[in-house]
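The next block holds one structure in the form of structure tokens; read it before the comments.
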Amino acid sequence: MPELIKFQNIDKTFKTHKVLDELNLSINKGDLIGLIGKSGEGKTTLLRVLIGFYKIDSGQIIFREKDITKKTNIIRDAVGFCTQENSFYPELTIEENLWYYGRLYKINRRTLKQQIPRLLKLVDLTNHKKKLSGNISGGMKRRLDFAISLVHDPEILIMDEPTTGLDPIIRKSLWDLIDKINKEGKTIIVSSHLLDYIQDKCNKIGFLSKGKVNVTTMTKLKKKYPKEKSLNYMFEKMVKKGEA
Amino acid sequence: MFKNLHLLLTTIIKNLKIVLRSPSSLLLLVLGPLVLILLVGFAFGGDQVHDINIGVVTKDMNTIQPIIASLASPEVAVLDYYNDKYCMFDLKLDKVQVCAVFSEDFIATDKKVTGKITFYYDNSRYNLASYLSEYIKEKIEITSEQITLEAATNILNDIEQAVIFMQDAQLSIDQFIEDIITIRNDLAETKIVLEDIKQEIDPLYEDALLLQQKYQENEADLNSTAKKLDANKNNILFSINLINHQIFKVKNNLNNTILNPIIKQKIETTPYLAGLIDFDNLYKLTNELDVLQQQLSSLRTNLEEYDKSFQETNTEMGEKLNSIVEMITTIKVFVDDANNKIDKNIIILNNALIELNQIKEKLDENINKFSGLDQSQAETLIKPISSRFVGMLQDMTKITLVFPIILVFIIMFISILLSNINVLNEVNSQSYFRNFLVPVKGSLFVLGMFITNMIVVMFQIVILLIMARFKFGIQFLPVMPALTVVILLITSIFVLLGMSFAYFISKQQTSILLSTFTALALFLFSDIIFPPEVMPKLAAFFAKLNPMVVGERMIRKVIYHNIMLDYQIVDLLVLIGFLIFMVIIVYIAAKRNKRRS
């Protein structure tokens, strides 16, 4: 698959704490990359650098083979972002939230009128579109957040712990939804501690450690750790070895 | 540009939906200003003090009746105290609001007022004290002035009457002098006449004396003649009586004889005798005898009268002569006496004239001194400098007068708190982070929030203005353009202030507290409690720059004095300066907030 975005030698320091240290990451179109790492290793920082929210100290960002290091605004149009918590207005209805963010992404009304029903159908919220977002269930809120992240039809969807705090049934349905979105052609980078889902759903796995990310696949990992049946054990072993 | 506008509009609509979907916010949005203005109108609706008790400490209430009468009203009760300690105690208990202690020598009647009044009040109740002192000052001054004015008017009236009297007296004196001069001249003329009379009387007197002397010398002869005359008169009377007797006899004989009708008839019937006797002649003789008898009788009467007359004349002449002499003597003495008196009176009149002229001169002087005074000058004499304080704004209710400050005060509180809370809700919202992901400049969200806040506050202000116009009759429609500019400016400043607090301190409790304290500080450091004019100069300088004070000043000038913005350039520039400053502050705060997020 063609390379969509590439981060080269990215450095990011907060005061004296260097969070990203000459990080290199290459994302191909259609990838579903699961990002894992210990708490405090900089997953959220990396994701925020990926969406262009944090400016990097040094390094290079290549998007569609163009250097956009100085113009990170461009990447914002191409990226959708799902936070750990729901990021929408509870006082607005589901439809109004989609409309509001769609307009902020400068999507014209006609397109938006077609896009919103499609998204509502995708996240299975069509029958609830007139409900106030604050009044819907936790699972619906997460699905709405997904929909909002996709409202501008981004090429890349970045998700930071998208299923934290949800019950297993909703969690599963959401991972199914992520899978479904990915299958629709979206490139997805998802950080999560739910390694089982990453093992099942992601085609690539990125281990973040000491400011660097090591991207691999389950196939490679199984070869490396043949005795370990799941990613959980593999990760545990890697941590013990100091590889993650 | 158009794209940004639609983004801005989207943001504003979203913000408004958020505000309006909160039932409590919606209620406060509409009801808040309504309740505020109604409360304010209710509180400031009255124009007079009421429920005021004034304690009066005096030994005798009767001596201060006019003062009591002026102080008391249906809203103000006057309570009598015998001791100032009791009054002061009640003042502390707030049973009375003022203690008026009258000095022992205080007297106030309808005509005069003297003495001293000391008013004690609780100056910790600053605003009430101000109202009370104004009320009492007005009442006492009016009473005192009325009494003094009345007294002065009476005095001047008396003086005026005295001047009129003096002017009349002066005229009388003139007339009197004229009369005296006339009398003096008349007396002088009379004296001359008397002198002439005297000149004429003196020889007469001499003649009268001489005549009296001669009469006295001839009085014996005259008496003798009178006696002789009387004797002759008696002889004549005897002769007359005798003649009368003889005539009577003749007549009687005739009547008894010839003229007896029987005899006469016999004679007439006797042929020879009839021709011899002429009866007609006899009757004629008889008649002539009657006539003679009458003449004799008349002669006798005349003689008696003559004799009597002679006797009387003789006596009378002597008496009259004496009387004449006496009269002439009296006249002479009178004339001499009159002359002497006239001389004396002329001297007295001359002296009187001198004195009268001196009095007249003094009267002239006094009339000249007092003739310039009349009743209308009483006020000028009491108050040489006539001063009157007249408010430029007449017939205005208290609520109308305080409307600008209330409006600005409400704008300030609503703007700061509402914008602060709205921004806090936004920056603490989970969705806030997503705003940074969209390809929209952060300033657009700030602008959107600012405009949203402005719309909400302006909506409330519109409600306030509608209430002010129709409930309290405050006229501002003719100056609406200028008023709108000022309101927009001060609202913008306070909205930005509230927003900046929220962007700087996103912790809700701290930020709201800071906003409240700032609003309170602006309120206290304004001219609501103390005007800047009575503050220390440095403090006054800053207080005058308080946007609340500047805004209130501008609104007041616009609404009440029709002074438009071209005459308020300095204040306008101050507000614009504040606005620019606040825009910069909010920009910095929003940037800082974004970095933190």
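Lettering of chains follows the sequences in order, A, B, ..., and the numbering in each one begins at 1. These figures come from a predicted structure and were not determined experimentally.
- Closest approach of A:Ser87 to B:Ser431, counting heavy atoms only: OG-CA, 3.3 Å.
- When heavy atoms are compared at a cutoff of 4.5 Å, B:Ser429 approaches chain A solely by way of its side chain, counted from C-beta outward.
- Under a cutoff of 6.0 Å and an axis angle of 45°, B:Arg434 and A:Phe88 do not form a cation-pi pair.
- Counting heavy atoms of neighbouring residues, nucleotides and ligands inside a 6.0 Å radius, atom CG of B:Leu573 exceeds 12 of them.
- Within 6.0 Å of NZ on A:Lys201 lie more than 12 heavy atoms contributed by other residues, nucleotides or ligands.
- For A:Asp145, the parts sitting under 4.5 Å from any heavy atom of chain B are the backbone and the side chain alike.
- One distance of note links CZ of B:Phe433 with CZ of A:Arg48; it measures 3.5 Å at 0.5 Å rounding.
- One distance of note links OG of A:Ser133 with CD of B:Gln430; it measures 11.5 Å at 0.5 Å rounding.
- For B:Tyr587, the OH atom sits in a loose shell: 12 or fewer heavy atoms of surrounding residues, nucleotides or ligands are nearer than 6.0 Å.
- Annotation: A:Glu184, atom CD; neighbour count of heavy atoms from other residues, nucleotides and ligands within 6.0 Å is above 12.
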* Audit row: B:Asn435, A:Tyr101, side chain to side chain contact (heavy atoms under 4.5 Å, CB included) steps and yes/no -> CA-CA 8 Å; B:Asn435 290 336; A:Tyr101 285 107; 3.8 Å; yes
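- The two atoms that bring B:Pro439 and A:Leu104 nearest to each other are CD-O, 4.0 Å, heavy atoms only.
- At most 12 non-hydrogen atoms from other residues, nucleotides or ligands lie less than 6.0 angstrom from CZ of B:Phe581.
- Looking at A:Tyr89 and B:Asn425, their side chains never come closer than 4.5 Å, going by heavy atoms from C-beta outward.
- Between B:Arg21 and A:Glu96 there is a side-chain heavy-atom pair separated by less than 4.5 Å.
- Test B:Val19, B:Ile18, B:Leu20 against A:Glu91 for side chain to side chain contact (heavy atoms under 4.5 Å, CB included) and you get one pass: B:Ile18.
- Residues A:Val79 and B:Leu437 fail the side-chain proximity criterion, which asks for heavy atoms closer than 4.5 Å.
- The side-chain heavy atoms of A:Tyr100 and B:Thr11, taken from C-beta on, include a pair separated by under 4.5 Å.
- Both the backbone and the side chain of A:Leu92 come within less than 4.5 Å of a heavy atom in chain B.
- The two residues A:Lys106 and B:Leu7 come nearest to each other via the heavy atoms CE-CD1, 3.6 Å.
- For a residue to count as touching a neighbouring chain, one of its non-hydrogen atoms must lie under 4.5 Å from one of that chain's; by this rule A:Asp77 touches chain B with the side chain only.
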